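Take a look at the structure below.
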Amino acid sequence: MLPDIKHVLFATDMSENADSALRYGLSLAKATGAAVHVLNVAEPLSQDAHATLSIFVQDKELRKKAIGDRHEAMRTMLKDSQKRFLAALPDDEKDTYQLISSVELAEGNPAETILQRAKKLDCDLIVMGSHEHSTSHTFLGTVTKRVLRRSSIPVLVVPAGE
């Protein structure tokens with residue numbers, strides 16, 4: 001029996017390759033009638049970042065505001081990323097964007113959060129983009145490797161430059 005794909009989780013890091021991965025996710029959703037859930041996970045500030053912020057911003061309320069502003073800036077970046085993606089779609093493909101049923105920004109360990117959201121949303125597939133070669137990340141990227149290793153559902157990894 002063929003698998004029934006009803007919900008696809010697209011995990012984005014808002015990189016250039018993320019758009020390619022979303023195209024694949026939308027194509028699969030269009031073929032199967034699935035809903036696509038877009039998720040970006042922001043890692044929490046490290047202890048070092050909190051310490052640095054405490055040194056340079058003495059006022060506790062201003063520190064809280066700075067952290068809140070960080071979240072708002074990330075939400076704006078995610079919205080802008082989705083707007084750019086939609087604007088770049090050819091006119092005859094813009095209707096596929098309606099398959100996106102949710103766009104969410106979460107905070108936490110990226111791999112763990114992706115897996116938790118996929119489970120909570122009852123997703124049948126996770127779609128992610130790989131990273132370009134760099135000195136700090138391997139081809140797949142740390143988050144993608146962790147998701148692949150621990151996922152109980154299929155994960156589609158779209159290579160960079162696709």
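A quick note: this is a predicted structure, and the numbers were derived from the prediction, not measured.
Formation of a donor-acceptor pair under 3.5 Å by the Asn40 side chain with backbone atoms of Leu105 is not found in this model. Judged by distance alone, with hydrogens and angles left aside, the side-chain atoms of Arg146 form no donor-acceptor pair with the main-chain N or O of Ala111 at under 3.5 Å. Under a 3.5 Å cut-off, the side chain of Asn17 and the backbone N or O of Ser130 do form a donor-acceptor pair.
With no hydrogens or angles considered, a side-chain donor-acceptor pair links Ser15 and Asp13 at under 3.5 Å.
Scanning both residues, Phe10 and Ala21, for their nearest heavy atoms gives CE1-CB, 3.6 Å. In this structure, Pro44 and Gly108 approach most closely via the heavy-atom pair CD-O, 3.5 Å. When every heavy atom of Leu39 is checked against every heavy atom of Ala106, the shortest pair comes out as CD1-CB, 4.0 Å.
Legend: residues meeting side-chain contact (heavy atoms from CB on, under 4.5 Å) with Ala118, ordered by chain and number and at least two apart, are Leu9, Cys123, Ile126, Ile153. Every side-chain hydrogen bond (donor to acceptor under 3.5 Å, both in side chains) that Ser101 has, sequence neighbours left out, goes to His37.
Here the CG atom belonging to Leu45 is positioned 12.0 Å from the CZ atom belonging to Arg63, to the nearest 0.5 angstrom.
Counting only residues at least two apart or on different chains, no side chain to side chain donor-acceptor pair (under 3.5 Å) pair has a member in residues 25-35. Residue pairs meeting the salt bridge (Lys or Arg N to Asp or Glu O under 4.0 Å) criterion with at least one partner in residues 86-96, sequence neighbours excluded, are absent. For the side chain to side chain donor-acceptor pair (under 3.5 Å) condition, the pairs that include at least one residue of residues 105-121, sequence neighbours left out, are His71-Glu107, Glu104-Arg117, Glu112-Gln116, Glu112-Arg150.
Here the side chains of Asp4 and Asp124 are not in contact, with every heavy-atom distance at 4.5 Å or above. Between Val155 and Leu125 the shortest side-chain heavy-atom distance does not fall below 4.5 Å. Within the 4.5 Å cutoff, side-chain heavy atoms of Ile114 are placed close to those of Val41. Side-chain contact between Asp19 and Arg23: present, with at least one pair of heavy atoms (C-beta onward) separated by less than 4.5 Å. Counting heavy atoms from C-beta on, the side chains of Ile100 and Leu26 come closer than 4.5 Å.
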Show, in sequence, the C-alpha distance, side-chain angles and deciding distance for Leu121 and His7, and conclude whether the side-chain contact (heavy atoms from CB on, under 4.5 Å) test is met.
CA-CA 7 Å; Leu121 293 167; His7 294 276; 5.5 Å; no
Can Leu156 and Met128 be said to form a side-chain contact (heavy atoms from CB on, under 4.5 Å), step by step?
CA-CA 6 Å; Leu156 172 63; Met128 306 175 73; over 6 Å; no
Are Val127 and Leu22 close enough, and set up right, to give a side-chain contact (heavy atoms from CB on, under 4.5 Å), and what steps lead you there?
CA-CA 7 Å; Val127 177; Leu22 181 53; over 6 Å; no
Per-pair distances, 0.1 Å, donor-acceptor, side chain in residues 74-89, under 3.5 Å, sequence neighbours excluded:
unit_1	atom_1	unit_2	atom_2	d
Thr76	OG1	Glu72	O	3.0
Gln82	OE1	Tyr97	OH	2.9

